[in-house]
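Note on naming: letters A, B, ... go to the chains in the order of the sequence lines (proteins, then strands), and numbering restarts at 1 for each one.
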There are 2 protein chains.
Amino acid sequence: MNTTQRADQQTSADRRRRELLEAADRVVLRDGPHASMNAIAAEAGITKPILYRHFGDKGGLYAALAVRHTDALLASLRAALDAPAERRQRVEATLDTYLAAIEARPQVYRFLMHPAESAGAPGDPSEPGFDVGRHSAPLLRRMGEELAQVIEERLDVGPGTQQLARVWGHGIVGMMHAAGDWWLGERPCPREELVRSLADLLWGRLAEAGDKAGGPGF
Amino acid sequence: MNTTQRADQQTSADRRRRELLEAADRVVLRDGPHASMNAIAAEAGITKPILYRHFGDKGGLYAALAVRHTDALLASLRAALDAPAERRQRVEATLDTYLAAIEARPQVYRFLMHPAESAGAPGDPSEPGFDVGRHSAPLLRRMGEELAQVIEERLDVGPGTQQLARVWGHGIVGMMHAAGDWWLGERPCPREELVRSLADLLWGRLAEAGDKAGGPGF
DNA sequence: ACTCGGGGTTACCGCAAGTAACATGCACGG
DNA sequence: CCGTGCATGTTACTTGCGGTAACCCCGAGT
């Protein structure tokens with residue numbers, strides 16, 4: 001029958017797509033983001049043109065991969081963020097979740113922050129990449145928006161809350177990201193300490209701290 | 001004489017190098033970080049091998065370019081950071097300096113955050129890039145360390161100040177970066193407002209804010 | 001006169017993205 | 001039972017880029 005046939009093909013194509021993504025995942029996690037399409041195709045036991053039939057171009061494949069991992073990470077974060085606990089607890093839990101994730105699978109993390117390049121001049125279609133303009137990983141943007149939404153839903157900071165929430169969302173995510181990236185490279189302290197330090201920063205300890213003796217101008 | 005001759009050659013080579021960097025700068029600023037070595041060479045009025053004689057490989061050229069701009073930006077930031085004013089003033093001035101810089105020359109900014117890819121497996125020399133492992137821009141690291149040093153010099157937060165200063169340095173820089181990146185893309189508000197919002201965040205308004213009515217668990 | 005070294009060029013290699021054209025297997029309608 | 005789509009797969013190619021080898025030219029020093 002026509003419908004079942006088309007449905008079968010649909011699911012079959014979907015399964016295939018998923019298999020290909022799994023293979024691509026293995027290769028990217030093993031070889032880093034420079035994995036060639038040939039390598040990925042070989043890992044999947046097929047050849048290049050099939051990948052192109054399924055994903056259009058390399059950017060498409062990488063975007064699909066990124067969406068998978070991003071969704072997974074965002075789900076964990078949302079859980080930590082929405083837990084029924086006090087605010088400081090929730091903040092620390094979220095930080096810890098993120099840091100634990102990047103600590104457990106740094107390869108995934110590194111990949112997510114570099115999905116594609118492509119930043120050609122606007123209006124110039126010579127670059128085959130996809131997201132002209134934005135360069136930093138979409139993961140950061142998505143996390144920022146997510147956090148902004150939670151802040152806006154749960155916090156009351158008077159007028160302009162919405163705007164403030166978005167600024168804070170992206171700012172906090174960036175803080176988490178940069179500190180995590182640095183920490184992952186140098187490992188200067190255990191994770192809990194990093195979490196506590198960052199939470200302290202958000203809790204205003206920077207403003208409260210005293211000037212050091214002999215400081216100029218104060 | 002030998003010394004003056006060698007000195008002449010030195011300065012001549014340096015001048016050449018600087019000219020090439022200027023040309024590269026123009027191209028990168030015009031075409032984005034994907035500028036090909038051929039394009040850069042053409043802009044400089046010469047051919048590829050000369051670029052390679054001067055900079056080794058593309059990573060070397062890009063690194064040299066990045067150092068130039070990074071140094072310039074860091075100098076402005078250090079000025080704002082070391083100004084003789086109250087802490088909040090200094091923080092706002094620093095944020096504003098950074099945001100003004102990326103607003104004035106977004107192309108430079110975008111380039112600085114993407115100097116090169118290259119993240120091959122450790123110990124594998126197959127990748128010709130340079131900084132294996134680190135992926136995010138060195139600019140962020142340098143700003144983080146810079147800020148950490150200033151914090152450590154001027155702030156007194158009891159024992160563990162040094163560690164805390166580094167965490168905060170990288171964290172604050174990351175906050176600034178991510179918020180700036182998002183703001184640059186969407187322009188949701190004037191710059192001063194962004195500056196104020198971020199400073200407020202650092203000043204603990206997140207912790208002080210009240211819960212919204214009907215929030216779960218609290 | 002000659003050679004030596006710095007600045008320059010052409011022509012090439014290897015490799016990866018992306019594509020065109022050809023092969024194969026399998027369900028359908030006659 | 002035979003062709004006819006059609007999805008799936010392959011080989012073989014083009015294009016463009018990073019990087020290099022070999023050669024060239026010209027001015028300075030002996």
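Contacts with DNA chain D (heavy atom under 4.0 Å) in residues 36-46 of chain B: B:Ser36, B:Met37, listed by number.
Distance CZ (A:Arg16) to P (D:dC6): 22 Å, rounded to an integer number of Å. The distance between atom CG of B:Leu51 and atom P of C:dG7, rounded to the nearest whole Å, is 14 Å. Taking atom OH on A:Tyr52 and atom P on C:dG18, their separation rounds to 4 Å, with Å as the unit. We find that CD1 of A:Ile50 is positioned 14 Å from C1' of C:dT19, with the value rounded to whole Å. Atom OH in B:Tyr62 sits about 7 Å away from atom P in D:dG18, given to the nearest Å. Distance B:Lys48 NZ to D:dG16 C1': 10 Å, rounded to the nearest Å. Rounding to whole angstrom units, NZ of residue B:Lys58 and P of D:dC17 are separated by 9 Å. Residue B:His34 contributes atom NE2, which lies 16 Å from atom P of D:dG16 at whole-angstrom precision.
Distance from the side chain of B:Asp57 is smallest to D:dG19 among D:dG19, C:dT9, C:dG18.
Contact check on B:Arg68 versus B:Asp25 returns no salt bridge, with no Lys/Arg side-chain nitrogen under 4.0 Å from an Asp/Glu carboxylate oxygen. Taking the charged nitrogens against the carboxylate oxygens, A:Arg17 and A:Glu22 have no contact shorter than 4.0 Å, which rules out a salt bridge. A salt bridge is defined here as a Lys NZ or Arg NE, NH1 or NH2 lying under 4.0 Å from an Asp or Glu carboxylate O, and A:Arg166 with A:Glu152 fails to meet this definition. In summary, B:Glu19 and B:Arg16 engage in a salt bridge, as defined by a charged side-chain N under 4.0 Å from a carboxylate O.
Contact annotation: B:Thr47 reaches the phosphate of C:dT9 (side-chain N/O to OP1 or OP2, under 4.0 Å).
Where B:His54 and A:Pro49 meet DNA chain C, the nucleotide closest to each residue was compared, and B:His54 sits on the side nearer the 5' end.
Aromatic pair A:Phe55/A:Tyr62: centroids not less than 6.0 angstrom apart.
Within 3.5 Å, a donor on the side chain of A:Arg53 pairs with an acceptor on the base of D:dG9, or the reverse.
Within 6.0 Å of atom CZ in A:Arg78, 12 or fewer heavy atoms from other residues, nucleotides or ligands are found, so the atom counts as exposed in its surroundings.
Every residue two or more places apart in sequence or in another chain was checked for a side chain to side chain donor-acceptor pair (under 3.5 Å) with A:Arg196, and none qualifies.
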